[in-house]
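Report on one structure; see the data block that follows.
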2 protein chains.
Amino acid sequence: MKLSTKGRYGLRAMIDLAIHSKENQVSIKSISERQEISENYLERIIALLKKAGYVKSTRGAQGGYMLTKKPDQISVGNILRALEGDLNPVDCSLINDEKVCSESGLCVTKFVWKRISDSINDVVDNISLQDLVNEQVEIDKSQASR
Amino acid sequence: MKLSTKGRYGLRAMIDLAIHSKENQVSIKSISERQEISENYLERIIALLKKAGYVKSTRGAQGGYMLTKKPDQISVGNILRALEGDLNPVDCSLINDEKVCSESGLCVTKFVWKRISDSINDVVDNISLQDLVNEQVEIDKSQASR
DNA sequence: ACATATCCAACTTATTTGGTCGGATATGAA
DNA sequence: TTCATATCCGACCAAATAAGTTGGATATGT
């Protein structure tokens with residue numbers, strides 16, 4: 001029941017992009033340095049985010065990545081689902097309304113999985129990238145004044 | 001971000017035990033037949049539940065397993081944590097109140113992980129085994145009358 | 001004594017995770 | 001036009017984890 005590094009690194013990369021790509025293109029290399037994530041691996045993660053439509057790229061010198069939308073229009077749920085797939089605790093078609101569980105006839109455990117799934121999605125869909133940027137700014141501020 | 005078969009099978013086994021171990025010992029074999037889970041594997045899963053104190057065993061002929069408490073005193077959270085370990089989406093000591101993230105200085109993603117973690121635990125701690133037994137009984141009833 | 005059980009460690013296999021590597025392609029600037 | 005800087009992309013790889021099996025020891029009611 002763990003998120004993979006894709007989700008963790010990817011979310012950090014998106015926060016980094018939100019902060020740094022306001023005017024300029026941001027290269028993998030610079031994100032990689034700030035976030036201490038390997039360039040090669042980060043490249044693959046950002047490819048997923050691009051495919052999902054949350055970042056756009058410019059190739060060549062002075063190229064890099066930018067967000068496609070404002071940070072308040074991208075939720076943590078959008079990002080995590082792009083990287084991790086659905087956030088259901090089980091692969092279970094019945095989570096979407098079917099009564100019969102392939103695993104063992106009628107099983108009540110699906111009610112549990114559904115509620116977990118709903119609660120996770122509710123949390124992540126109600127935190128925007130902007131919210132995290134704001135918190136990061138706050139933290140940086142309080143750090144600077146020490 | 002998936003639960004393993006341990007969690008899924010184990011919860012079903014506990015529901016089965018709650019329904020069938022009211023008077024009699026229940027053998028692995030019988031659970032295995034009803035739930036269509038391999039005897040060998042189920043044995044290992046139930047060993048974890050025993051270790052965690054939710055089931056007790058009697059060896060030898062006519063032996064088997066029983067719950068140690070009433071089903072309304074055992075939560076789904078108790079069961080899942082016994083089988084899956086903590087239900088946090090990331091292994092992050094900072095989820096418990098430290099400010100500094102070993103991964104990359106100060107990171108705001110921890111607020112996200114904490115909220116996910118809290119919401120999952122809140123859900124599973126508020127569903128008891130008895131709740132699931134009740135739902136199962138309802139389903140069986142409505143099935144029987146078709 | 002024997003069938004029925006749990007107990008338990010060691011082993012195996014398949015899948016997923018977490019990357020790396022090498023080269024192709026694009027492009028702004030010197 | 002060349003070159004450094006980028007993205008793009010498929011193939012590959014090692015380690016960890018999940019999922020399950022096997023074999024035998026031990027206990028116990030009949």
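It should be emphasised that the depicted structure is a prediction, and the values quoted were computed from it without experimental measurement. Order of the sequence lines fixes the chain letters, A, B, ..., with proteins taken first and strands second; residue numbering starts at 1 for each chain.
- Along DNA chain D, the nucleotide nearest to B/Gln62 and the one nearest to B/Glu84 differ in position, and the one closer to the 5' end is contacted by B/Glu84.
- For B/Thr5 and D/dA19, the shortest distance from a side-chain N or O to OP1 or OP2 is below 4.0 Å.
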Between the protein and nucleotides 1-4 of chain D, list every N/O to N/O distance that falls short of 3.5 Å.
none

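- Checking D/dG29, C/dG18, D/dG20 against every side-chain atom of A/Ser4, the shortest atom distance belongs to C/dG18.
- Put simply, the side chain of B/Glu84 gets close to the backbone of B/Gly7: a donor and an acceptor are under 3.5 Å apart.
- Taking a cutoff of 4.0 Å between a charged side-chain nitrogen and a carboxylate oxygen, A/Lys114 and A/Asp118 qualify as a salt bridge.
- In this structure, B/Met66 places its CE atom 15 Å from P of C/dA5, rounding to the nearest Å.
- At least one donor-acceptor pair under 3.5 Å links the side chain of A/Lys2 to the backbone N or O of B/Asn88.
- Ion pairing between B/Asp125 and B/Arg81 holds under the 4.0 Å rule for side-chain N and carboxylate O.
- In this structure, the side chain of A/Ser142 engages the main chain of A/Ile139 through a donor-acceptor pair within 3.5 Å.
- In this structure, the side-chain hydrogen bond (donor to acceptor under 3.5 Å, both in side chains) partners of A/Tyr41, at least two apart in sequence or on a different chain, are A/Thr5.
- For residues 20-29 of chain B, proximity to DNA chain D is found at no residue, defined as any non-hydrogen atom under 4.0 angstrom from a strand atom.
- Distance, A/Ile45 CD1 to D/dT7 P: 14 Å, rounded to whole Å.
- In this entry the distance linking CG of A/Leu83 with P of C/dT16 reads 18 Å, nearest Å.
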Subject >> Per-nucleotide protein contact string for nucleotides 8-13 of chain D (B base, S sugar-phosphate only, - none; heavy atom under 4.0 Å) >> reply: BB-B--
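- Scanning for side-chain hydrogen bond (donor to acceptor under 3.5 Å, both in side chains) contacts around A/Glu43 gives an empty result, with sequence neighbours left out.
- Every residue two or more places apart in sequence or in another chain that forms a side-chain hydrogen bond (donor to acceptor under 3.5 Å, both in side chains) with A/Ser57 is listed here: A/Lys50.
- Between B/Leu48 atom CG and C/dT6 atom P the separation is 15 Å, expressed in whole Å.
- In this structure, the side chain of A/Asn121 engages the main chain of A/Ser117 through a donor-acceptor pair within 3.5 Å.
- Between the A/Ser27 side chain and the A/Ser30 main chain, a donor and an acceptor come within less than 3.5 Å of each other.
- Between A/Tyr54 and the options A/Leu48, A/Ile74, A/Leu129, a side-chain contact (heavy atoms from CB on, under 4.5 Å) holds for only A/Ile74.
- In this structure, CD1 of A/Ile31 is placed 12 Å from P of D/dA6, rounded to the nearest angstrom.
- Taking side-chain N and O atoms only, A/Tyr9 has no distance below 4.0 Å to OP1 or OP2 of C/dG18.
- As rounded to whole Å, 12 Å separates atom C1' of D/dT7 from atom CG of A/Leu42.
- Distance alone, capped at 3.5 Å, places no donor-acceptor pair between the B/Asp131 side chain and the B/Ile127 backbone.
- Put simply, CE on B/Met1 is 14 Å from P on D/dA18, counting in whole angstrom units.
- Taking only side-chain nitrogens and oxygens, B/Ser38 never comes nearer than 4.0 Å to OP1 or OP2 of D/dA19.
- The CD atom of A/Glu39 sits 17 Å away from the C1' atom of C/dG18 (whole-angstrom rounding).
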